[in-house]
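Have a look at the structure below before the remarks.
Throughout, a chain's letter reflects where its sequence line sits, starting with A, and its residues are numbered from 1. Since the model is a prediction, treat every value here as computed from it, not as a measurement.
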Number of protein chains: 2
Amino acid sequence: MQHLDATFAALADPVRRAILARLAQGEATVGELAKPFAISQPAISRHLRVLEAAALIRRERDGQHRRCRLDARGLERASEWLDFYRRFWSDSFDRLERHLKRNKGASHD
Amino acid sequence: MQHLDATFAALADPVRRAILARLAQGEATVGELAKPFAISQPAISRHLRVLEAAALIRRERDGQHRRCRLDARGLERASEWLDFYRRFWSDSFDRLERHLKRNKGASHD
DNA sequence: GTGTTGCATAACCGTTATGTTATATAACTG
DNA sequence: CAGTTATATAACATAACGGTTATGCAACAC
């Protein structure tokens, strides 16, 4: 669960989630990932290190570049953890409420 | 996604996850939640505040006590976010690797 | 009323996180 | 080789986090 600490902590940052969103469309180099953000390149480098430590991305050298892509492991760990709890809110107490909420125009994000 | 910031950050702490695990077995008062931990009661109170702010738990007064229970909203938000990414690791690149990993003795934490 | 219990809040403190700028390293380019 | 590009690391400032103890307040018990 150290693992989960790192994974959830990594996911708690909007810049890092944006990086993951970008990588969901395909791999990218560090520079490409940094471009959309107003923060410095070193800051991005550190975000990437956090993501890598959380097994949310992988990096591999490609000549002068470092190509990044999603890593299933971290995502899966987080997802599995949450799946355990899905049980509790899907078949016990909050069923009605969820139902009402869902049928009221769910916007994503 | 401020919401997601708060939710994932709340989930990143092992004490808070343990609290959620306890609440998955049913509601509990603050004192009951605090008992298993070696940390002070005020520390628990703050963890609960974080969890409540993240919509991961709810608290309601019950006389002298405050009863806590899981709140579906936060859990669901986190889960939905991850579901988006599930696509990318379940039907694209890491399939083989996941397969190998899975069939190699998966231990659940 | 007084005392006790259950919990929250305040003030403080050390650690960790996130940003910055400056610098280092490694790979390409000529 | 020297110069440029891509990325990482170092050193530092500030803010956020998580713990502590001390205290406040509401609800119960007498």
Side-chain angles (χ1 to χ4, degrees), chain A residues 1-20 22-23 26-71 74 78, chain B residues 1-23 26-71 74:
Chain A
M1 334 251 227
Q2 252 169 330
H3 275 168
L4 283 173
D5 287 24
T7 303
F8 284 129
L11 292 176
D13 187 281
V15 171
R16 288 193 289 261
R17 286 200 310 278
I19 288 173
L20 293 178
R22 166 66 185 79
L23 289 177
E27 50 181 42
T29 67
V30 174
E32 289 166 353
L33 290 173
K35 200 164 288 178
F37 296 100
I39 64 182
S40 64
Q41 169 266 317
I44 297 290
S45 261
R46 294 224 311 214
H47 280 303
L48 293 175
R49 211 153 62 117
V50 171
L51 287 169
E52 190 175 38
L56 287 164
I57 69 166
R58 293 190 183 180
R59 286 182 292 183
E60 59 181 68
R61 267 232 163 276
D62 175 22
Q64 193 176 8
H65 299 256
R66 257 177 118 172
R67 186 146 335 172
C68 308
R69 59 193 188 111
L70 290 181
D71 184 343
Chain B
M1 327 243 257
Q2 253 168 327
H3 275 166
L4 282 173
D5 286 25
T7 304
F8 283 129
L11 292 176
D13 188 280
V15 171
R16 288 192 290 258
R17 287 200 309 278
I19 288 173
L20 294 178
R22 165 66 184 79
L23 289 177
E27 51 180 42
T29 68
V30 174
E32 289 165 352
L33 290 173
K35 200 164 288 179
F37 296 99
I39 64 182
S40 65
Q41 170 266 317
I44 297 289
S45 262
R46 293 222 314 210
H47 280 303
L48 293 175
R49 210 152 62 118
V50 170
L51 287 169
E52 189 174 39
L56 287 164
I57 68 168
R58 293 190 183 180
R59 287 182 292 182
E60 59 182 69
R61 268 232 164 275
D62 175 23
Q64 193 176 8
H65 298 257
R66 257 175 117 171
R67 189 151 324 206
C68 309
R69 58 192 188 112
L70 290 182
D71 183 343

Please report the distance, rounded to the nearest Å, between CD1 in B/Ile19 and C1' in C/dC7. 14 Å
Taking only residues two or more places apart in sequence, or in another chain, which ones meet B/Thr29 in a side-chain hydrogen bond (donor to acceptor under 3.5 Å, both in side chains)? none
Using only side-chain N and O atoms of B/Ser40, determine if any of them is under 4.0 Å from OP1 or OP2 of D/dT20. yes
What's the NZ-C1' distance between B/Lys35 and C/dC7, to the nearest Å? 14 Å
Which residues share a side-chain hydrogen bond (donor to acceptor under 3.5 Å, both in side chains) with A/Glu52, sequence neighbours left out: A/Arg59
Give the rounded distance in Å between these two atoms: CZ of A/Phe37 and P of C/dG19. 10 Å
Kindly say if A/Arg16 contacts the phosphate of C/dT18, meaning a side-chain N or O under 4.0 Å from OP1 or OP2. yes
Residue pairs involving residues 34-50 of chain A (criterion salt bridge (charged side-chain N to carboxylate O under 4.0 Å, His left out); sequence neighbours excluded): none
Is B/Arg49 touching bases, backbone alone, or none of the nucleic acid, heavy atoms closer than 4.0 Å? sugar-phosphate
Atom-pair distance (CZ on A/Arg46; P on C/dG19), nearest Å: 8 Å
Which residues pass the side-chain hydrogen bond (donor to acceptor under 3.5 Å, both in side chains) test with B/Gln41, not counting sequence neighbours? B/Ser45
Please list, for nucleotides 2-8 of chain D, all pairs of protein and nucleotide N/O atoms separated by less than 3.5 Å.
from	atom 1	to	atom 2	distance (Å)
D/dT5	O2	A/Gln64	NE2	2.3
D/dT7	OP1	A/Val30	N	3.3
D/dT7	OP1	A/Arg66	N	3.2
D/dT7	OP2	A/Gly31	N	2.6
D/dA8	OP1	A/Arg59	NH1	2.7
D/dA8	OP1	A/Arg66	NH1	3.0
D/dA8	OP2	A/Ser45	OG	2.4
D/dA8	N7	A/Gln41	NE2	2.9
D/dA8	N6	A/Gln41	OE1	3.4

The side-chain contact (heavy atoms from CB on, under 4.5 Å) partners of A/Ala43 (sequence neighbours excluded) come to A/Ile39, A/Ser40
For the student: nearest non-hydrogen atoms of A/Arg61 and A/Gly63, plus distance: NH1-O, 3.2 Å
